[in-house]
Amino acid sequence: MPHPAHMIQRIQTLYMLLAFLLVGVLPFFIPLWNTVQGPFYFMQDITYTALVGLSVSLLLVSILFYKKRQHQFVLNRLNMIIMLILLGLFVYRSLNVSGETAAVSEKGIGIYLPIISIVLLALANKSIKKDEELVKSVDRLR
């Protein structure tokens with residue numbers, strides 16, 4: 001039985017942990033945008049909160065499935081779709097709100113977190129695929 005430390009040694013786990021930090025931790029400290037009323041955080045909208053919660057849950061399950069590469073791959077793909085939906089909602093909201101006489105004075109870096117997360121998940125999936133091909137090639141040699 002592999003030791004959990006082996007999970008950390010795999011590069012895709014590190015990518016997923018970084019994505020977890022970006023999606024699960026940073027949004028509590030970084031606003032999506034600043035309005036005249038003050039900073040707007042994702043928790044102020046139930047839809048954003050639900051999507052972020054779902055994404056974080058999928059990331060945790062994916063990290064814990066370190067022995068099941070195919071499951072990780074599928075969960076990461078699903079998570080990328082959720083991140084794209086979240087990004088679309090962020091962009092839609094920021095464009096619509098900004099039309100209301102400068103209600104959004106400046107967009108925060110929080111809007112870009114889903115993009116970075118998608119890139120990290122894509123890199124993780126690339127590494128998972130590489131691992132899968134390596135295992136198949138070793139099985140062929142036997």
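Just so it is clear, the values below take in all heavy atoms, side chains as well, and ignore hydrogens, waters and symmetry mates. FYI, the numbering just counts along the sequence from 1.
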Trainee: Please enumerate all residues that pass side-chain contact (heavy atoms from CB on, under 4.5 Å) together with Leu84, with sequence neighbours excluded.
Mentor: Ile118
Trainee: Do the non-hydrogen side-chain atoms of Arg93 and Leu32 ever get within less than 4.5 Å of each other?
Mentor: no
Trainee: Can you tell me how far apart CE (Met80) and CG (Leu58) are? Round to the nearest 0.5 Å.
Mentor: 11.5 Å
Trainee: Would Phe42 and Leu51 count as a side-chain contact (heavy atoms from CB on, under 4.5 Å) if you check the C-alpha gap in whole Å, the side-chain angles of each, and the deciding distance to 0.1 Å?
Mentor: CA-CA 10 Å; Phe42 83 95; Leu51 287 171; over 6 Å; no
Trainee: Could you work out, with side-chain hydrogen bond (donor to acceptor under 3.5 Å, both in side chains) as the rule, every residue matching Gln44, not counting sequence neighbours?
Mentor: none
Trainee: Suppose we screen for side-chain contact (heavy atoms from CB on, under 4.5 Å). Which residues come up paired with Val74, at least two apart in sequence or across chains?
Mentor: none
Trainee: To the nearest 0.5 Å, tell me how far Gln72 CD sits from Leu64 CG.
Mentor: 9.5 Å
Trainee: Output all residues satisfying side-chain contact (heavy atoms from CB on, under 4.5 Å) with Ser57, sequence neighbours left out; order by chain, then residue number.
Mentor: none
Trainee: Among Gln12, Arg69, Lys126, whose side-chain hydrogen bond (donor to acceptor under 3.5 Å, both in side chains) with Asp131 holds?
Mentor: Gln12
Trainee: Could you please spell out the steps behind the side-chain contact (heavy atoms from CB on, under 4.5 Å) verdict for Val52 and Val23?
Mentor: CA-CA 7 Å; Val52 167; Val23 177; 4.1 Å; yes
Trainee: Taking only residues at least two apart or on different chains, which pairs with a member in residues 15-37 satisfy salt bridge (charged side-chain N to carboxylate O under 4.0 Å, His left out)?
Mentor: none
Trainee: Going hydrophobic residue to hydrophobic residue with side-chain gaps under 4.5 angstrom, can you get from Leu17 over to Phe73?
Mentor: no
Trainee: Rounded at 0.5 Å granularity, tell me how far CG in Leu89 sits from CD1 in Ile111.
Mentor: 11.5 Å
Trainee: Of the non-hydrogen atoms in Val56 and Gly24, which two are nearest, and what is the gap between them?
Mentor: CG2-CA, 3.5 Å
Trainee: Looking at Ile46, I want to see if its CD1 is surrounded by more than 12 non-hydrogen atoms of other residues, nucleotides or ligands under 6.0 Å.
Mentor: no
Trainee: Does any pair with a residue in residues 115-139 pass ring-ring contact (aromatic ring centres under 6.0 Å, His included), and if so which ones, sequence neighbours excluded?
Mentor: none
Trainee: Sort and list the pairs that fulfil side chain to side chain donor-acceptor pair (under 3.5 Å) and have at least one residue in residues 77-87, not counting sequence neighbours.
Mentor: Ser55-Asn79
Trainee: Return yes when atom CD1 of Ile109 has more than 12 non-hydrogen atoms of other residues, nucleotides or ligands closer than 6.0 Å, and no otherwise.
Mentor: no
Trainee: When you group the ILVMFWY residues by side-chain heavy-atom contacts below 4.5 Å and let the links chain together, are Phe29 and Phe40 in the same group?
Mentor: yes
Trainee: Of the non-hydrogen atoms in Leu22 and Pro27, which two are nearest, and what is the gap between them?
Mentor: O-CD, 3.1 Å
Trainee: Which residues satisfy the ring-ring contact (aromatic ring centres under 6.0 Å, His included) test with Phe90, sequence neighbours excluded?
Mentor: Tyr48
Trainee: Please check if Leu26 and Leu14 belong to a single hydrophobic cluster, counting links between Ile, Leu, Val, Met, Phe, Trp and Tyr side chain heavy atoms closer than 4.5 Å.
Mentor: yes
Trainee: Who passes side-chain contact (heavy atoms from CB on, under 4.5 Å) against Ile81, sequence neighbours left out?
Mentor: Ile85
Trainee: Going hydrophobic residue to hydrophobic residue with side-chain gaps under 4.5 angstrom, can you get from Met43 over to Leu21?
Mentor: yes
Trainee: Who passes ring-ring contact (aromatic ring centres under 6.0 Å, His included) against Tyr112, sequence neighbours left out?
Mentor: none
Trainee: Report the residues that fulfil ring-ring contact (aromatic ring centres under 6.0 Å, His included) with Tyr41, sequence neighbours left out, ordered by chain and then residue number.
Mentor: none
Trainee: How about Leu120 and Met16: do any of their side-chain heavy atoms sit closer than 4.5 Å?
Mentor: no
Trainee: Would you kindly confirm whether Ile128 and Leu59 end up in one hydrophobic cluster when ILVMFWY residues are joined by side chain heavy atoms under 4.5 Å apart?
Mentor: no
Trainee: Of all the heavy-atom pairs spanning Asn76 and Ala124, show the shortest one and how long it is.
Mentor: ND2-CB, 4.0 Å
Trainee: Among all residues two or more places apart in sequence or in another chain, which pass the ring-ring contact (aromatic ring centres under 6.0 Å, His included) test with Tyr15?
Mentor: none
Trainee: To the closest 0.5 Å, what do you measure between CG (Leu75) and CD1 (Ile82)?
Mentor: 9.5 Å
